[in-house]
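Note: hydrogens, waters and symmetry copies are ignored here, and every other heavy atom, side chains too, is used. Per chain, numbering begins at 1; letters A, B, ... match sequence-line order.
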Number of protein chains: 2
Amino acid sequence: MARWQPDAPGRLAAAALDLFEENGYENTTVIEIAERAGLTKSTFFRHFPDKREVLFDKGTVTGLLVDGIASAPPTAGPLDAVADALDALGRTFFAEDRREFSGRRQAVLNANTELREREALKRIDLTASMIEALNRRGVPGLTARVAATLGTLAWEIAFDQWIGSDNSEGFGPLARRALDAVRAAGAEC
Amino acid sequence: MARWQPDAPGRLAAAALDLFEENGYENTTVIEIAERAGLTKSTFFRHFPDKREVLFDKGTVTGLLVDGIASAPPTAGPLDAVADALDALGRTFFAEDRREFSGRRQAVLNANTELREREALKRIDLTASMIEALNRRGVPGLTARVAATLGTLAWEIAFDQWIGSDNSEGFGPLARRALDAVRAAGAEC
DNA sequence: AGGGTCGATGAGACCAAGTCCCATCACTGG
DNA sequence: CCAGTGATGGGACTTGGTCTCATCGACCCT
């Protein structure tokens, strides 16, 4: 078996996504994933702590969001800072070339409860990171919690639109509009 | 081994909570749980789909919340309906005699990522149920989403206070206050 | 060129979660 | 007293995940 080919984690992730699409998550074995990537079970678990994690990137999104919140203008309110961060995310991570992949990945996630569960945990941890970032801007506890929660909701809405529409206008603008809509809906509660 | 003792699921859940407190979730085996309850592994998995689920009740909370939202006065706004539902929950489920148990259980959940993950999924499913219930009241999509999300946040805040304080004033009032605070924080975003 | 070091991989034993099938027991009604 | 039914026990089996050790490949240094 040929060793030393580059980017083992990337090959494993690609193989996993393919197999999950073909046969479903539950009907796919870690050994099968590893074999398709030209590797072994041992190596799979050396790169990913468990089978689910192969579909999740390691904190780069969180980092981008936290940085985006931190670097928003000091005059910006909590939700404005979140909007800036989502916009930054749209420029760097949720770029057009990643849209098809994101859609495929999300379809796989939606099809399996175990994966949805992992996604739910990631979402909570992400929200917690946003709260911390807002706290560091001086936003008081509860306000930060509300802003981060609404920001996560806007993210979710914008993401669904982004992977759904064809002639898309990019994640950033969609997120801004979603956040405005959420803000408006919150006002009339 | 004595068979036919009553309430196998309850005995399993109690044994599990005890063992998780003593040795931690990861260091506890399903077989150990079953043995302490006077049962076997087979019976455990007959009552619970997996090891995590032994700490989660089967949808009664969701039912209570959905009913509470449905039976709120027609004039009540979305967040008011949610407040009524949380109040109903405080009267029927989060009663004083369940407080100590809830605290123990929550401590175990917080100590383990796998359990936090399951909790995160439950929270999302609960929020989805609340959204549906609000939709059935005529609350439009996005507004319902925001209201349910803020309601879940208020729940979380109130629950932490409820299991934390000693001379507690009950879950219902705490939830109402939390919801008001969340509403106020949302206004200044 | 050759030997040594080091990080990444392979191989396989091992444990626990979860599934499945079948035997067995206890309670119920006739 | 006996047949039926539902809950339990028992054990084989698959898979996820951990661990340890051997091995390989690249790079470095002389």
Side-chain angles (χ1 to χ4, degrees), chain A residues 1-20 22-56 58 108-109 111-122, chain B residues 1-56 58 108-109 111-119 121-122:
Chain A
M1 203 170 291
R3 294 189 182 191
W4 253 242
Q5 299 203 303
D7 192 21
R11 275 152 51 212
L12 286 166
L17 184 58
D18 286 347
L19 286 168
F20 293 165
E22 291 173 21
N23 310 326
Y25 174 84
E26 303 169 315
N27 300 320
T28 304
T29 283
V30 170
I31 296 186
E32 292 172 356
I33 300 172
E35 277 176 355
R36 176 166 300 200
L39 295 165
T40 65
K41 184 186 165 190
S42 297
T43 305
F44 181 96
F45 285 112
R46 201 168 285 122
H47 290 289
F48 302 100
D50 58 51
K51 185 182 168 189
R52 287 144 242 138
E53 203 69 15
V54 72
L55 287 184
F56 294 84
K58 326 194 164 184
V108 170
L109 293 191
N112 181 273
T113 306
E114 229 174 297
L115 292 172
R116 282 185 48 223
E117 195 171 13
R118 176 58 51 87
E119 192 190 16
L121 180 61
K122 297 282 182 184
Chain B
M1 205 168 288
R3 294 189 181 191
W4 253 241
Q5 297 202 304
D7 191 22
R11 275 152 52 213
L12 286 166
L17 184 59
D18 286 348
L19 286 168
F20 293 166
E21 282 179 327
E22 292 173 20
N23 310 326
Y25 174 84
E26 304 169 314
N27 300 320
T28 303
T29 282
V30 170
I31 296 186
E32 292 172 354
I33 299 172
E35 277 176 355
R36 176 165 301 201
L39 295 166
T40 64
K41 184 185 166 192
S42 297
T43 305
F44 181 96
F45 286 112
R46 201 168 285 122
H47 289 288
F48 302 100
D50 57 51
K51 185 182 168 189
R52 285 142 246 140
E53 202 69 14
V54 73
L55 288 184
F56 295 85
K58 326 195 162 180
V108 170
L109 293 192
N112 180 271
T113 307
E114 230 174 297
L115 292 172
R116 281 186 48 223
E117 195 170 13
R118 175 58 50 88
E119 193 190 15
L121 181 61
K122 297 282 181 183

| field | Side-chain N or O of H47(B) closer than 4.0 Å to phosphate OP1/OP2 of dA7(D) | value |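 For H47(B), the contact criterion (side-chain N or O under 4.0 Å from OP1 or OP2 of dA7(D)) is not met.
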| message | For a quick test of reading the model: is some side-chain N or O of T43(A) closer than 4.0 Å to OP1 or OP2 of dT9(C)? | response |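 It does not, given that no N or O in the side chain of T43(A) lies less than 4.0 Å from OP1 or OP2 of dT9(C).
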| said: Please enumerate all residues that pass salt bridge (Lys or Arg N to Asp or Glu O under 4.0 Å) together with K122(A), with sequence neighbours excluded. | reply: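 Listed in chain order: E53(A).
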| salt bridge (Lys or Arg N to Asp or Glu O under 4.0 Å) against R46(B), all qualifying residues, sequence neighbours excluded |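 With sequence neighbours excluded, R46(B) shows a salt bridge (Lys or Arg N to Asp or Glu O under 4.0 Å) to no residue whatsoever.
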Starting at [atom1] of [X] and ending at [atom2] of [N], how long is that distance when rounded to a whole Å?
X      : N       : atom1 : atom2 : value
E53(B) : dT19(C) : CD    : P     : 12 Å
E35(A) : dA11(C) : CD    : C1'   : 13 Å
D7(A)  : dA8(C)  : CG    : P     : 13 Å
L39(B) : dC25(C) : CG    : C1'   : 14 Å
Q5(B)  : dC25(C) : CD    : P     : 18 Å

| task | List in chain and number order the residues that pass side-chain contact (heavy atoms from CB on, under 4.5 Å) with A13(A), two or more places apart in sequence or in another chain; answer none if no residue qualifies. | result |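 Applying side-chain contact (heavy atoms from CB on, under 4.5 Å) to A13(A) gives V54(A).
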| Under the side-chain contact (heavy atoms from CB on, under 4.5 Å) test, residues paired with E117(B) that sit two or more places apart |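 So E117(B) forms a side-chain contact (heavy atoms from CB on, under 4.5 Å) with E117(A), R118(A), L121(A).
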| query | What pairs of residues pass the salt bridge (Lys or Arg N to Asp or Glu O under 4.0 Å) test when at least one of them lies in residues 21-33 of chain B, not counting sequence neighbours? | reply |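 Applying salt bridge (Lys or Arg N to Asp or Glu O under 4.0 Å) to every pair that reaches into residues 21-33 of chain B, excluding sequence neighbours, yields E21(B)-R104(B), E22(B)-R36(B).
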| task | Look up atom CG in L109(B) and atom CZ in F56(B), then write down how far apart they are to the nearest 0.5 Å. | result |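 That separation rounds to 5.0 Å.
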| query | If the sugar-phosphate is the primed atoms plus P, OP1 and OP2 and the base is the rest, what is the B/S/- string for nucleotides 11-19 of chain D, using protein heavy atoms under 4.0 Å? | reply | B----SBB-
